[in-house]
Amino acid sequence: MNDVDDVYDVVVVGAGPGGSMAAKTAAELGLKVLMVEKRQEIGAPVRCAEGVSKEELSSLVDVKKAWIAAEVAGAKIYSPSNEVITLSAEQAGNEVGYILERKIFDRWLAKQAAKAGAEVMVKTTAIGIEKKKESLKIKLRRMGEEFDVYASIVIGADGVESRVGKWMGIDTTLRLNEIESCVQYLITNLKYDMDYCHFWLGHNRSPGGYIWMFPKGNSSGNFGIGVMPSMAKKPAKAYLDDFLEKEGVDTTHVVEVVAGGVPVSPMEKASAERCLLVGDAARHADPITGGGIINAMKGGKIAGEVAAEAVKRNDFSAKFLSVYDRRWKEDFGKTLERNKALQKKLLKMSDETMDKLVRCLKDCDLKDMSVGSIVKALIKKNPKLFWDLKDLFL
Amino acid sequence: MPSKEVVVDRFKCAYCGACVSVCKNNANELVETFLVINRELCNCCGLCVKVCPMNALRIEEV
């Protein structure tokens, strides 16, 4: 017999925003929850540009000043030949609004999960899962000591390097055209307009991706790049270093360097028998923007709710848990699919065409800054170029 | 015939896990925050070398 102490309804692997939302939601719904994080600190090292939409974040949590590093009024987009368009405050939408201090935010969110009753363990890695008849035996290693816990269901919020999905029969391996290879410097003493997020486009400087600068308060900012490895000729870091040198950015004040892979190709099924995947593990990041925080949190919340429903029904079958897929698809899955179609198109687009498009955005009347309304405006001006996407966006 | 292996430069690696996510053989693993390459599983396909943002991986002849 198992010791009741090591029997849980749900084990959540990974304590990023997705995992914590799942743990918090499941605990609030009365489940016995354990959340494990392999790193010794929740929220560090962060692998993220930290931008989120104000509206979306506020719909998920009470916004706290403690973890908002900066607020932005809009975005400046630079075409391959450096034509700039400024999307202003009234147009600010998705991915632009708040710049988080993820180190504080992730920790705060994990504490919310703990407050709701979830147990939290750091420096604890899931090293394997054994499927038993009535439960899962989850093998954990905490500071070198191996032990087992039992759960009815596992929520894999274990990031781009997810193992949980693979153990449970979901192939999460990414191809080189399904991932953005990213590196980012936190630079201080920057000389940019810190009321805006800055985006630089162009296959020459960032093949299959873009370069960004997100302000983090005072004169600091996250200066980063994402490149698609299938198109890149050198590592992401080399492209970023080249760009910073050409831009004349003073890099004598780099206070942090982070790297990461962002999945940019949605998957069909993020559920299996006794298993739900959330966040990067479920490839819930946006294929165009690479933004993943909001979708991870939404997915986490849905996963927590579905887990609670499964426990109530005592039904952990793949068939019942597929309700999770239906729900995330209804919520943000359609946008992921749509933006994937757009991404495929942009990847084939020449820098000259991109220049043209940025130029023609200058006199577009945009309702907001979301990918959707930018593309809507572009389709109206360039129906030929976007003919095949019109049904997805208009 | 010379054999090859993937080598990680620990001074460059930022432990981001990008290499883990593309490995078909699950040879790369982030153990806590330490990248481990399991030579038994690795077939030196080089995908992880291409995805590494930090240029921390290379294939070496041994």
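Each chain gets a letter, A, B and so on, in the order the sequences are listed, and its residues count up from 1.
Interface summary for chain B: among A/P45, A/C182, A/G261, the most heavy-atom pairs under 4.5 angstrom belong to A/C182. For the set B/G17, B/C19, B/A56, the entry with the most heavy-atom pairs within less than 4.5 Å of chain A is B/G17.
Rounded to the nearest 0.5 Å, atoms SG (B/C23) and CG (A/L174) are 12.0 Å apart.
With sequence neighbours left out, the side-chain contact (heavy atoms from CB on, under 4.5 Å) criterion links A/V149 to A/D6, A/Y8, A/V11, A/L34, A/I138, A/L140, A/F147.
In terms of heavy-atom proximity, B/A18 sits nearest to A/I179 at O-CD1, 4.2 Å. Closest of all the heavy-atom pairs between A/A259 and B/A14 is CB-CB, 3.8 Å.
Heavy-atom distances place the side chain of A/V257, and not its backbone, under 4.5 Å from chain B.
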Across chain A and chain B, going purely by atom type as modelled, what donor-acceptor pairs are there at a distance under 3.5 Å?
residue, atom, partner, partner atom, Å
B/C16, O, A/R47, NH1, 2.5
B/S21, O, A/L174, N, 2.8
B/C23, O, A/K166, NZ, 3.4
B/N26, OD1, A/K166, NZ, 2.6
B/N28, O, A/R163, NH2, 2.7
B/E32, OE2, A/T125, OG1, 2.7
B/V51, O, A/S181, OG, 2.7
B/P53, O, A/K237, N, 3.0

